[in-house]
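These notes are about the structure you will find just below.
In this text, all values refer to a predicted model and were calculated from it rather than measured experimentally.
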There are 2 protein chains.
Amino acid sequence: MRIVVAECTVDYQGRLTAHLPRARRLIMVKADGCVAVHADGGAYKPLNWMNAPNLLEEGDGTWVVTNPKGERLVITLHDVIHDSTFELGIDPGLQKDGVEANLQQLLADRPWVLEDGLTLIRREYPTDIGPVDLLCADPHGGTVAIEVKRRGEIDGVEQLARYLERLSLDPRLRPVRGIFAAQQITPQARTLAAARGIAAVEVDYEGLQEVDSGELRLF
Amino acid sequence: MRIVVAECTVDYQGRLTAHLPRARRLIMVKADGCVAVHADGGAYKPLNWMNAPNLLEEGDGTWVVTNPKGERLVITLHDVIHDSTFELGIDPGLQKDGVEANLQQLLADRPWVLEDGLTLIRREYPTDIGPVDLLCADPHGGTVAIEVKRRGEIDGVEQLARYLERLSLDPRLRPVRGIFAAQQITPQARTLAAARGIAAVEVDYEGLQEVDSGELRLF
DNA sequence: GTGTATATCTCGGGG
DNA sequence: CCCCGAGGTATACAC
């Protein structure tokens with residue numbers, strides 16, 4: 001990892017055209033070759049960047065970074081205040097918990113918390129426009145497609161509606177209904193779901209985990 | 001801007017729970033107080049971060065960053081390799097060209113390039129499920145809703161279809177048609193648009209700009 | 001502030 | 001390789 005602090009001008013041409021007027025900024029060059037230009041505010045996004053794989057050509061006060069997609073980042077260094085390099089090694093990586101995958105797993109294990117009598121057919125049931133989170137059977141011979149979200153918003157309802165449209169074409173599955181399951185559901189998403197004939201169910205992530213551990217204690 | 005390179009362990013608890021095992025990383029603290037932890041690969045995203053506004057408490061080998069939303073980032077420093085601070089000042093900011101907003105502006109100024117005789121009613125026309133990019137009148141007393149995208153894909157067509165559904169409920173606007181306008185439109189989006197009775201029009205951004213400057217030259 | 005749409009989104013998974 | 005979907009998405013903008 002190389003860290004340069006410099007008065008610089010930056011031009012990017014690729015997916016769009018962008019220009020950074022002359023100012024003092026931090027330039028990060030990582031081991032995989034990717035380059036990021038940061039201002040002194042806004043944690044997440046660099047002002048300009050170029051992802052790996054790319055080629056960095058370091059000329060006389062000018063760096064030219066190009067990639068195979070034809071994008072081009074030109075950094076003109078007017079005044080270099082700091083320039084240092086560190087060996088960091090490979091990072092062991094981030095361990096996460098509490099994202100959609102966990103919620104989906106919990107509901108796959110006990111779909112009946114969403115509606116009495118549901119049994120899982122499979123997770124990530126494939127359709128020609130993408131996989132349905134959970135496909136279940138109800139006790140009356142019908143099929144229920146379930147879309148799981150952490151936060152339930154309009155686009156999630158649309159996504160489920162698209163799947164239902166496809167699944168209903170399969171005579172082995174008909175009739176097919178939908179359940180939209182999320183930790184929180186916005187009123188707008190609720191309204192759209194109602195208009196599409198889709199049930200909207202808020203689920204309690206913490207509560208589900210407790211049910212899990214509670215049942216385990218019975219053994 | 002403060003730059004620290006250190007052997008560290010990081011724990012985040014907030015919207016999810018995440019843990020970074022001990023390793024050598026770069027820690028960036030910006031003037032607005034936000035903190036980012038970077039590994040030596042992947043240009044864009046930090047491994048962990050905390051956005052402003054927040055509070056950084058620097059203890060004995062441990063930094064605790066908290067924010068008003070109840071999120072908490074704890075960085076344990078095992079070995080500090082580098083620690084330096086730079087004054088960068090306020091950045092003049094990024095100048096962009098070629099994003100959706102530009103295209104929308106160009107088409108708002110001359111909607112007739114999409115279809116002969118169209119006149120603008122207004123940009124960002126509000127509905128109860130979100131704003132329509134452009135609402136236009138055609139010469140026959142009808143209304144045309146236009147969704148503008150840089151790259152036209154399926155979800156953009158769905159978005160326009162949703163708006164059309166709502167707009168058609170307003171007797172003052174009927175009949176309402178849709179035009180899906182983008183620099184490039186995928187075959188899938190084109191097919192879906194056709195199925196929904198929506199016209200799909202590819203527009204030439206460069207060409208539109210030239211038309212603009214060309215007409216200005218007439219004065 | 002809430003809600004919606006955009007992004008040079010990034011990133012990862014599956015065919 | 002593209003396509004699709006998730007993200008602690010972040011960010012801008014309108015109401």
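- Taking the P atom of each, C:dT8 and C:dT4 are spaced 22 Å apart, rounded to whole Å.
- Between B:Phe180 atom CZ and C:dA5 atom P there is a gap of 13 Å when expressed in whole angstrom units.
- When the P atom is used for both D:dG8 and D:dC4, the distance is 22 Å, rounded to whole Å.
- Under the 4.0 Å criterion applied to side-chain N and carboxylate O atoms, B:Arg190 and B:Glu202 are assigned as salt-bridge partners.
- Heavy-atom nearest nucleotides on DNA chain D were determined for B:Glu124 and for B:Ile154, and the one closer to the 5' end corresponds to B:Ile154.
- The residue A:Arg190 sits apart from the nucleic acid: no heavy atom pair falls under 4.0 Å.
- Atom CD of A:Glu153 is separated from atom P of D:dA6 by 12 Å (rounded to the nearest Å).
- The 12-atom threshold is exceeded at CD of B:Gln105, counting heavy atoms of other residues, nucleotides or ligands nearer than 6.0 Å.
- One can place CG of B:Leu134 at 13 Å from P of D:dA14, the figure rounded to the nearest angstrom.
- Nearest nucleotide to the A:Tyr163 side chain, out of D:dG5, C:dA5, D:dC15: D:dG5.
- In terms of phosphate contacts, B:Gln104 brings no side-chain nitrogen or oxygen within less than 4.0 Å of OP1 or OP2 of C:dA5.
- Per the geometry, CZ belonging to A:Arg166 stands 16 Å off P belonging to D:dC3, to the nearest Å.
- Crowding of A:Arg2 atom CZ: a count of heavy atoms from other residues, nucleotides or ligands under 6.0 Å exceeding 12.
- Rounded to an integer number of Å, the gap from A:Ile185 CD1 to C:dT4 C1' is 18 Å.
- For A:Gln13, the CD atom counts as loosely surrounded, since its 6.0 Å shell holds 12 or fewer non-hydrogen atoms of other residues, nucleotides or ligands.
- One interatomic measurement links the two molecules: CD of A:Glu147 to P of D:dC4, which rounds to 15 Å at whole-angstrom precision.
- B:Glu158 has its CD atom 14 Å from the C1' atom of D:dC4, to the nearest Å.
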Could you run through nucleotides 7-15 of chain C and give me one letter per nucleotide, 5' to 3': B if any protein heavy atom sits under 4.0 Å from the base, S if only the sugar-phosphate is that close, - if neither? SBSSS----

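- A salt bridge is absent between A:Glu147 and A:Arg162: the closest approach of a Lys/Arg side-chain nitrogen to an acidic carboxylate oxygen does not fall below 4.0 angstrom.
- B:Arg162 comes within 4.0 angstrom of sugar-phosphate atoms only, judged by non-hydrogen atoms across all strands, and of no base.
- For B:Gln188 and D:dC2, the shortest distance from a side-chain N or O to OP1 or OP2 is not below 4.0 Å.
- Screening B:Leu56, B:Leu55, B:Val74 for a side-chain contact (heavy atoms from CB on, under 4.5 Å) with B:Val65, the sole residue that qualifies is B:Leu56.
- No donor-acceptor distance shorter than 3.5 angstrom exists from the side chain of B:Tyr44 to the backbone of A:Lys45, with no hydrogens or angles considered.
- Nucleotide D:dG8 holds its C1' atom 16 Å from the CD atom of A:Gln95, rounded to whole Å.
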